[in-house]
Amino acid sequence: MTSVPMVSASGVCKSYAGIEVLRGVDLTVNRGEVTCLIGPSGSGKSTFLRCINHLEKHDAGELRVDGDLVGYEARNGKLYELNDKRICQKRSEIGMVFQRFNLFQHLTVLENLTIGQIKVRGQSTDRAKAKARELLDRVGLDNKEKHYPSQLSGGQQQRVAIARALAMEPKLMLFDEPTSALDPELVGEVLDVMKDLAQSGMTMVVVTHEMGFAREVADTVYFLDGGVIEESGNPREVLSAPSSERLKSFLSKVL
Amino acid sequence: MSTNGDATTRVVPVRHVKQWIGVAVAMVVLAMIIHTLLSKVGTGTYHCHLVSGIRRCVPLHTWRFSWNIVGQYLTTSEIFHGLLVTIELTVIAMVVGISLGMTIAIMRMSPNRVLSASAWSYTWFFRGTPVLVQLLFWANIAILYPKLTIGIPFLPVTFIHLSVNSIFVPFFAAIVALGLNEAAYMSEIARAGLLAVDEGQVEAASSLGMTRGQTLRNVVIPQAMRVIIPPTGNEVISMLKTSSLASIVSVTELAGAASNIYSSNYEIMPLLIVISIWYLIITTILSIGQYYLERYFAKGALRTPPPTPIQRMRTDVRGIASKFRTPRPAREGAR
């Protein structure tokens, strides 16, 4: 089974109201690897990421997570759409971290970490709390469990959001520009947590503008532009010696 | 250096002349109100008695607002019974209104066109006709449907036959009318609340694997409550008073009870004052409840929740008390 990649996409397309956002994306994410998606805004990076856990529905192409099709089931030569319950069950195995944190504002930090375990996994409150505390300790926020999200800094909120996703024990973590909404001095603490997570062997797909992070942590970098993968490969090679003109001009703007 | 911190320079504060005129006018009006409330008028009758063989008559006076009669009727059992019916009507109609309204709001936001159109039509109809007409309609529904039959639609299969008149007694008709009407208004209030919750909250809940229902119950509705509660409090207070319309379909609630009494003793004004006092008391209690409910659902929305009036009073008292408790040897020594 280890030979099956965690995410594999071939020819994934998506359009909104006639505008093509993804025009045939091919990509493979192996287990335990960190993959960074870079590219200018509007290039379809976030849309592709959201297709992976079916927050967006792709229109064409084949997208598989852990060997299973996303949103469909192939039986007797036909594709059957999955019902809501099955989609939710699949999503619960994939963690997602958002640009705007999206912590549940009406719940404390601890409750943010336990609600998924209790409501989705049917875990007992005590075990959920124990797990939550362990994760808060891991992201360095064990003294904040009674706080509400609005009482935390952006960096702290994003670390809670990472811990919330980890509480579901996902096999894959998706990061949608996790540091873009942060003040510059808070970016580091979030990236440190992500580096730590990468070292622990988590499979991660990261949409990011942090080229330093991509260079240091990523196993593979994909450069998206206009809804297609323009260039991909080892970050050191791709980011230091880009072959396409578009990536060259993109890097000259962000670096 | 500083120009206004110098002890020798006199600081002349701004004079708010217009404010003072406003205050004076308000005080005069207030004095007039208190005066007329407590004024007495002649009854047109005299109290006569003999003083050393001479008959002397003194004109009798009574409260303009008949406070003695108000006091007499304020706590009679008829008024209390009416008050109880008013509270029952309000509570049940609001429970119907809120739960149905919430359902309609969720239907209205459904991607399914049939569901959202049905919800829209409901609101259109029940908000577009007067509640008085709806009340009379439900009270007289037996004219249209004398019998209620439960069975399979369009097929000659029936299970239960009921007489509509036995179900739609005035109280039930009032609850149906007020509840269904309220649901139309509540659905718009609930929809505003649901729309106010950030889309990102729904996405985060979905990404954890929550179903639509779980997301709604655990994430969206609790946060929507913050927006929903203030106008809902308004609706409860409004319903408390609208329920008095039920008296025209012979439900003896507070206003009905008063009308029963004054139709026999003609003390219209005192009884209107009696029920106004009760409506004010209940409204006050509801407003206090609303304040605490709002505070509860505001958790997480504010970095530091504001103190409750009781907490504020306590800190004030403590502040004043500390001034008396702490000895100030420095100043006393200087004296």
Side-chain angles (χ1 to χ4, degrees), chain A residues 46 49-50 52-56 83-109 111-122 146-153 160-161 164-170 172-176 181, chain B residues 102 106-107 109-116 190 192-230 232 290 292-308:
Chain A
S46 291
L49 196 73
R50 293 157 62 85
I52 296 176
N53 71 348
H54 212 252
L55 278 181
E56 304 284 353
N83 61 22
D84 276 356
K85 208 177 162 190
R86 291 282 299 283
I87 288 170
C88 289
Q89 196 257 326
K90 299 253 179 206
R91 273 194 198 127
S92 73
E93 296 169 356
I94 304 171
M96 183 149 188
V97 175
F98 300 87
Q99 183 178 355
R100 304 278 328 155
F101 329 133
N102 295 353
L103 289 177
F104 302 131
Q105 297 295 320
H106 63 303
L107 300 178
T108 62
V109 165
E111 289 165 342
N112 263 282
L113 266 67
T114 56
I115 189 165
Q117 299 183 68
I118 295 167
K119 301 290 175 189
V120 179
R121 290 262 189 275
K146 287 199 176 67
H147 287 60
Y148 284 98
S150 62
Q151 297 167 320
L152 301 180
S153 74
V160 173
R164 174 177 69 179
L166 290 176
M168 303 298 286
E169 300 187 330
L172 168 66
M173 283 285 282
L174 308 175
F175 293 84
D176 189 3
Chain B
M102 200 57 144
I106 292 166
M107 276 170 67
M109 292 170 80
S110 159
N112 186 312
R113 292 281 284 278
V114 176
L115 291 182
S116 69
L194 296 176
L195 286 173
V197 178
D198 182 28
E199 186 60 25
Q201 298 285 310
V202 178
E203 285 185 358
S206 307
S207 79
L208 289 179
M210 284 194 203
T211 59
R212 247 177 79 86
Q214 282 175 329
T215 304
L216 215 51
R217 277 194 305 279
N218 299 307
V219 176
V220 178
I221 291 175
Q223 293 188 63
M225 285 314 248
R226 209 171 97 74
V227 178
I228 291 174
I229 283 177
T232 303
Q290 183 186 343
Y292 281 94
L293 211 57
E294 273 177 32
R295 225 181 107 80
Y296 173 79
F297 280 105
K299 63 184 179 165
L302 305 166
R303 282 174 197 207
T304 43
T308 63

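Chain naming here is simple, since letters A, B, ... match the order of the sequence lines and numbering starts at 1 in each.
- Remark: A:R50 pairs with A:E56, B:E203 by the salt bridge (charged side-chain N to carboxylate O under 4.0 Å, His left out) rule, at least two apart or across chains.
- B:V197 places none of its side-chain heavy atoms less than 4.5 Å from the side chain of A:Q105.
- For the options A:D84, A:L103, A:V97, heavy-atom pairs under 4.5 Å to chain B are most numerous at A:L103.
- Chosen from A:I94, A:T108, A:I115, the residue pairing most often with chain B at heavy-atom distances under 4.5 Å is A:I115.
- Contact of B:N218 with chain A is made through backbone and side chain together, with heavy-atom distances under 4.5 Å.
- Using modelled atom types, no side-chain atom of B:Q201 and backbone atom of B:D198 make a donor-acceptor pair closer than 3.5 Å.
- Taking every heavy atom of both residues into account, A:P170 and A:G95 meet most closely at CB-N, 3.4 Å.
- In terms of modelled atom types and a separation under 3.5 Å, the side chain of A:R100 and the main chain of A:A181 share no donor-acceptor contact.
- Chain B forms more heavy-atom pairs under 4.5 Å with one residue of A:H106, A:K119, A:M168 than with any other, namely A:H106.
- For chain B, no part of A:I87 is nearby; none of its heavy atoms comes within less than 4.5 Å.
- Between chain B and the options A:R164, A:H147, A:E93, A:K85, heavy-atom pairs under 4.5 Å are most frequent for A:R164.
- Residues B:M102 and B:I221 meet the side-chain proximity criterion, which asks for heavy atoms closer than 4.5 Å.
- The part of A:L55 that comes within reach of chain B is its side chain, from C-beta onward, which places non-hydrogen atoms under 4.5 angstrom from that chain.
- For a residue to count as touching a neighbouring chain, one of its non-hydrogen atoms must lie under 4.5 Å from one of that chain's; by this rule B:Q214 touches chain A with the side chain only.
- For a residue to count as touching a neighbouring chain, one of its non-hydrogen atoms must lie under 4.5 Å from one of that chain's; by this rule B:A205 touches chain A with backbone and side chain alike.
- In this structure the side chain of A:L49 reaches within 4.5 angstrom of the side chain of A:M96, judged on heavy atoms.
- Proximity to chain B involves both the backbone and the side chain of A:F104, based on heavy atoms less than 4.5 angstrom apart.
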